Participant: 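Here it is, the structure, as structure tokens.
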Amino acid sequence: MTFTMDPPFTEEHQLFRHNLRNYVEKELQPHALEWDEAGIFPREVFRGMAEIGALGINYPESVGGAGGDYWYVVVLAEELVHSRNAGVNMALLVQSQMATPIINEIGTDEQKKEFLAPALAGEKIAALGVSEPDAGSDVANLKTTARRVGDEFVINGAKMWITNGTRADFITLAVRTGGTGYGGVSLLTFPTDVKGFSVSKKLSKVGNLASDTALLFFEDCRVPARYLLGEENAGFYHIMTNFQGERLVAAIGAVAGMQQMVDEALRYGNERSAFGKPLAKFQVWRHKFVEHLTAIEAARWLTYRACDLFNRNEAAVKEISMAKLFAGDLIQKVVYDCQQFHGGMGYVVETPVARAFRDARLLTIGGGTSEIMKEIIAKLVPGF
Ligand SMILES: Cc1cc2nc3c(=O)[nH]c(=O)nc-3n(C[C@H](O)[C@H](O)[C@H](O)COP(=O)(O)OP(=O)(O)OC[C@H]3O[C@@H](n4cnc5c(N)ncnc54)[C@H](O)[C@@H]3O)c2cc1C
């Protein structure tokens with residue numbers, strides 16, 4: 001019996017990696033600081049990423065995708081760290097891996113044509129609207145209502161912390177169509193040019209600065225009933241399924257980001273000396289980085305294990321939650337030490353590790369907090 005633990009990256013995956021790295025280093029990385037300062041990045045970036053096939057890489061050709069497996073998404077999330085801008089990466093991953101997969105899975109042909117295909121082509125910007133001012137972790141308690149009136153839904157409520165929110169052309173929107181609790185939740189495709197919709201506020205954040213995050217209001221917004229995604233009142237199940245892809249790309253990006261930070265710290269520590277020797281030669285730091293490299297390797301294989309299950313459509317909620325929890329918590333320690341190792345330069349925002357320090361903080365909060373990951377895992381492990 002053979003046992004192999006090599007990730008199944010074929011020559012085609014590596015060619016995609018090569019092209020993507022070139023694009024990201026040439027078109028995104030040089031603007032990392034400028035876009036953070038602007039608090040936004042050009043719309044054309046969505047189009048550019050679509051043109052190199054990155055947005056639709058794992059979608060069927062019928063909606064403009066390339067028909068690739070999930071390992072292409074792994075490559076995408078790994079290579080995006082070379083943009084040195086977590087905000088841009090988050091916006092692009094919301095567009096292609098968080099707001100849109102559910103349309104591909106349960107949307108009608110019309111919804112795919114009107115929303116999914118233009119998003120994968122970079123023509124329309126997509127957002128995912130689940131969280132609300134009074135319901136983030138507690139999704140089953142969301143309050144935005146969609147009341148059926150004839151052949152329309154009338155939507156009232158608010159959504160909070162919505163990535164791409166200030167300029168999204170449509171939102172994959174979670175609404176309450178039924179009674180209280182998870183059984184009354186549905187999903188809709190919501191075009192933002194509808195009367196009564198407004199961007200109430202662009203939120204000023206700690207990190208991920210180039211990504212716009214918004215508070216949105218819905219006041220008697222009318223959309224056709226055919227914009228319902230899947231079955232009425234079955235939305236909670238689909239949101240939970242959709243969260244799996246969101247959490248997995250977060251874990252993949254965290255692992256790639258940690259590796260990049262430690263590699264860079266070691267380079268820095270061999271170039272800079274104190275007390276007559278390179279910083280990297282001080283045993284205290286050697287031990288610290290060896291510990292981190294060991295933990296990163298563990299995080300990588302836990303995450304790849306979850307990717308493998310996900311790619312094969314097998315149950316992966318426990319493994320994905322563990323990967324998100326482990327990588328999200330670990331990056332807090334890794335980024336702290338890498339920043340400390342850079343001394344004063346680690347406090348200057350032109351240094352990537354300084355920006356990573358504030359950006360990485362999101363990884364225990366967004367897409368489900370570390371505490372929520374623990375609750376999910378506890379429910380899936382016998383004995384609790
Ligand atoms: C930059 C950014 C981008 C985001 N983008 C999006 C987006 O595009 N779309 C979207 O829908 N949402 C988005 N979010 C929202 C995000 O998913 C939520 O912030 C997150 O799920 C946490 O919800 P909350 O903020 O309401 O925290 P709360 O649910 O209020 O939690 C507050 C604290 O209580 C803890 N807590 C809650 N319940 C439990 C429990 N049962 N046991 C133990 N502790 C618990 C939490 O872990 C946390 O520490 C984004 C958030 C940020 C910051």
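For ligands, and for the atoms within them, numbers begin at 1 and follow the listed sequence. Residues take their numbers from the sequence shown, with the count starting at 1. Just so it is clear, the structure is predicted and the values come from calculations on it, not from any experiment.
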Participant: Heavy atoms only, cut-off 4.0 Å: how does Thr369 contact ligand 1, side chain, backbone, both, or neither?
Facilitator: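 For Thr369, the contact with ligand 1 is made by the side chain alone.
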Participant: Tell me every residue that passes side-chain contact (heavy atoms from CB on, under 4.5 Å) with Glu314, counting only those two or more places apart in sequence or in another chain.
Facilitator: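 For Glu314, the residues satisfying side-chain contact (heavy atoms from CB on, under 4.5 Å) (neighbours in sequence not counted) are Leu309, Arg312.
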Participant: Tell me, please: is Ala127 in heavy-atom contact with ligand 1, that is, under 4.0 Å?
Facilitator: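 Flag not set, Ala127 not near ligand 1.
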Participant: Check whether any side-chain heavy atom of Arg267 sits under 4.5 Å from a side-chain heavy atom of Glu264, and report yes or no.
Facilitator: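 Yes, side chains in contact.
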Participant: For ligand 1, note which part of Leu362 has a heavy atom under 4.0 Å away: side chain, backbone, both or neither.
Facilitator: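 Contact part for Leu362 vs ligand 1: side chain (C-beta onward).
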Participant: Check each atom of ligand 1 against the heavy atoms of Glu371 and keep those under 4.0 Å away; list them by number with element.
Facilitator: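 Counting from 1, the qualifying ligand atoms are 43 (C), 44 (N), 46 (C), 47 (O), 49 (O).
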Participant: Tell me which part of Lys205 gets within contact of ligand 1: side chain, backbone, both or neither, using heavy atoms under 4.0 Å.
Facilitator: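 For Lys205, only side-chain atoms sit under 4.0 Å from ligand 1.
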Participant: Are Tyr72 and Glu12 close enough that a side-chain donor and a side-chain acceptor fall under 3.5 Å?
Facilitator: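 The criterion, which ignores hydrogens and geometry beyond distance, is not satisfied for Glu12 and Tyr72.
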Participant: Has Arg148 got more than 12 heavy atoms of other residues, nucleotides or ligands less than 6.0 Å from its CZ?
Facilitator: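 Count over threshold, so yes.
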Participant: Are any of the side-chain heavy atoms of Lys324 and Leu248 separated by less than 4.5 Å?
Facilitator: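 A side-chain contact under 4.5 Å is absent here.
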Participant: Is Thr163 in polar range of ligand 1, meaning some N or O pair under 3.5 Å apart?
Facilitator: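 It does: an N or O of Thr163 is found under 3.5 Å from an N or O of ligand 1.
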Participant: Do any nitrogen or oxygen atoms of Glu132 lie less than 3.5 angstrom from nitrogen or oxygen atoms of ligand 1?
Facilitator: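 Such a contact does not occur with ligand 1.
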Participant: Check whether any N or O atom of Val130, backbone or side chain, sits under 3.5 Å from an N or O atom of ligand 1, and answer yes or no.
Facilitator: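 It does: an N or O of Val130 is found under 3.5 Å from an N or O of ligand 1.
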Participant: So if I count the atoms of ligand 1 from 1 in the order they appear, which ones are less than 4.0 Å from some heavy atom of Gly367?
Facilitator: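 Contacts of ligand 1 toward Gly367, numbered from 1: 17 (O).
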Participant: Hey, does Gly136 come in under 3.5 Å of ligand 1, counting only N/O atoms on both sides?
Facilitator: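 N/O-N/O distance under 3.5 Å: yes.
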Participant: So, for atom 35 (C) of ligand 1, does the protein have a heavy atom nearer than 4.0 Å?
Facilitator: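 It does not: no protein heavy atom is found less than 4.0 Å away from atom 35 (C) of ligand 1.
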Participant: Enumerate the atoms of ligand 1 whose separation from the nearest heavy atom of Leu128 is less than 4.0 angstrom.
Facilitator: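 Within the 4.0 Å cut-off of Leu128, ligand 1 contributes 7 (C), 8 (O), 9 (N), 10 (C), 11 (O).
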Participant: With no hydrogens and no angle check, do the side chains of Asn58 and Asp69 hold a donor and an acceptor under 3.5 Å apart?
Facilitator: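 There is no such pair (donor and acceptor under 3.5 Å, judged by atom type) between the side chains of Asn58 and Asp69.
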Participant: Measure the distances from the heavy atoms of Ile372 to every atom of ligand 1 and state whether one is below 4.0 angstrom.
Facilitator: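 The answer is yes, since Ile372 has a heavy atom less than 4.0 Å from ligand 1.
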Participant: Run the side-chain contact (heavy atoms from CB on, under 4.5 Å) test against Asp212 and tell me which residues pass, sequence neighbours left out.
Facilitator: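 For Asp212, the residues satisfying side-chain contact (heavy atoms from CB on, under 4.5 Å) (neighbours in sequence not counted) are Ile40, Asn164, Thr166, Arg167, Lys202.
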Participant: Is it the case that the side chains of Gln339 and His342 hold a donor-acceptor pair, with the cut-off being a distance below 3.5 Å and no angle test?
Facilitator: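 Absent: no donor and acceptor within the cut-off.
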